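Note that the structure is a prediction, hence the values are computed from the model and not measured. When reading the values below, keep in mind they use all heavy atoms of this one structure, side chains included, and skip hydrogens, waters and symmetry mates.
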Number of protein chains: 2
Amino acid sequence: MTASDQRRRVETELRPGHDAAREVVATARERGDLVTVFGRCTVEYEGRASSYLGPGDRHVMLKPDGTVLVHTDEGQQPVNWQPPGCTHDATLANGQLEVRSERTTPEESIVVSFERVQQVSAFAMEDSSELSVSGTEADLKQRILDEPDLVEPGFTPLATERQTPAGAVDVYGEDAEGRVVVVELKRRRVGPDAVGQLDRYVQAVERDLHAESEVRGVLVAPSVTDRARTLLGEKGHGFVAATPDGE
Amino acid sequence: MTASDQRRRVETELRPGHDAAREVVATARERGDLVTVFGRCTVEYEGRASSYLGPGDRHVMLKPDGTVLVHTDEGQQPVNWQPPGCTHDATLANGQLEVRSERTTPEESIVVSFERVQQVSAFAMEDSSELSVSGTEADLKQRILDEPDLVEPGFTPLATERQTPAGAVDVYGEDAEGRVVVVELKRRRVGPDAVGQLDRYVQAVERDLHAESEVRGVLVAPSVTDRARTLLGEKGHGFVAATPDGE
DNA sequence: TTCTTCATCTCGAAA
DNA sequence: TTTCGAGGTGAAGAA
């Protein structure tokens, strides 16, 4: 890395005037930098819903992909945001720095108006690493395929992601007696929604097969809630305890 | 605001040594500031699942409530995170700045190891404003209660959030002929899951009432997908188009 | 605590 | 583009 690149990595202005802040945002945006603006602001959002946030100190992040995130000092979720694909725009309006971000389909806009900017920064970022995660539903599926007996002795997987009119079945197979078995996988403790999902698939497969034979449903997850277990009983489906990592 | 307070609002160090960065993080944490660290780092996570992220430039935010957010230059969601309630800790390990955050129930930890810190900042934040949102499911409910005829002429709401063995019914009422009607509300276009939810409630109410009379189900939402509409037909439930804002 | 559902959910894959 | 389900979903309210 050259000294110039090194100098370019981060650019920060403390308590800039509104026009200086606007300038930093604009040039950073051209360079494809991630920008942060910290200061006292209000936020208006209009789109899928609409919201208004009165004055307060917030940390605003503008990503080169069009993402906007407005964070207060509490909570994991941003208090306001805009998804990737938006077009940012920083202007001076009524003597304030106004950061506006818009997109279409759906039509949405967010406007952050700063009455005071405490800090504006631009970061040049390089990131070639991909996140690798384990303990997902895909891992649980692989575990079932490797050890089908986890579902029940004699279970034979025939297909994964088998399409039905109601959606894709996680694991489709047959039991020791040759009856069709529909398996729904969940990486964590399941509630009533998962039972409904399993039941939709079972019914869809029964129609698909013209109800020539009974179709069995099995939910595979680490555990079930009481209400979900009751529903499983009502629908006549089974439950098998298993985790993605193998307990 | 005093000059001292003004000076305290933001504290930033550019390309600090690892120990200087650690010091900023530690003192900021004591003062209840929000901290951001930008630099080249790796991230390890272990908990409900586990993950590893190789070296790259990222923006890390530590909130005084224990939240940790690791952002790359893409996407609305952090690539790694830790929810509120965690205990942060910044140390020097192998000559690197290591930010560690842990919590219990569930046991989870994240470790961010910086090989180079480009910027560390601490922000004192005041924010007394609450976000007000409109266009939510609660708004749709109010709209139905104000104009029950939107569901159908003669519909009479009798209760909201009425408890059943399957969960709470959004709006519970009766039609012009005195038949029980279960209404499920959605603020946006619905898929098959919403039909399953409605059907669970209808079945639960039928059991509750000992099936003395037929129970009708109505889904109220802006629109419905084809598959969901088919399911509605199969289950014998109705659909009414309505938005939280009134079209 | 656990359970249940909403969310401007986001995200990715497939049709 | 829309649909559908996964997600370390998070967040809120109730039991």
* Asked: On a whole-Å scale, what distance lies between the C1' atoms belonging to D/dG8 and C/dA14?
  -> 25 Å
* OP1 or OP2 of C/dT2 under 4.0 Å from side-chain N/O of A/Arg227 -> no
* To do: Select from A/Thr105 and A/Tyr201 the residue whose nearest nucleotide in DNA chain D is closer to the 5' end of that strand.
  => A/Thr105
* Given DNA chain C, 5'-ward residue of the pair B/Glu74 and B/Lys186, judged by closest heavy atom -> B/Lys186
* Structure fact -> Counting primed atoms, P, OP1 and OP2 as sugar-phosphate and everything else as base, the B/S/- map of nucleotides 8-15 of chain D against protein heavy atoms under 4.0 Å is BBSS----
* A/Glu184 near the nucleic acid: base, sugar-phosphate alone, or nothing, with a heavy-atom cut-off under 4.0 Å? -> sugar-phosphate
* Tell me what A/Ala194 touches on the nucleic acid: a base, only sugar-phosphate, or nothing, going by heavy atoms under 4.0 Å. => nothing
* **Secondary structure of DNA chain D in dot-bracket form (Watson-Crick or G-U wobble, distances below 3.5 Å, | marking inter-strand pairs)** => |||||||.|||||||
* So, do B/Thr36 and B/His59 sit near enough that their side-chain heavy atoms are less than 4.5 Å apart? -> yes
* For C/dA7 and D/dG7, measure between their C1' atoms and round to the nearest Å. => 14 Å
* Using atom C1' of each nucleotide, how far apart are C/dT8 and D/dA14 to the nearest Å? -> 25 Å
* Would you indicate, yes or no, if C/dT5 has its OP1 or OP2 atom less than 4.0 angstrom from a side-chain nitrogen or oxygen of B/Arg200? => yes
* Starting at CD of B/Glu137 and ending at C1' of C/dT8, how long is that distance when rounded to a whole Å? -> 14 Å
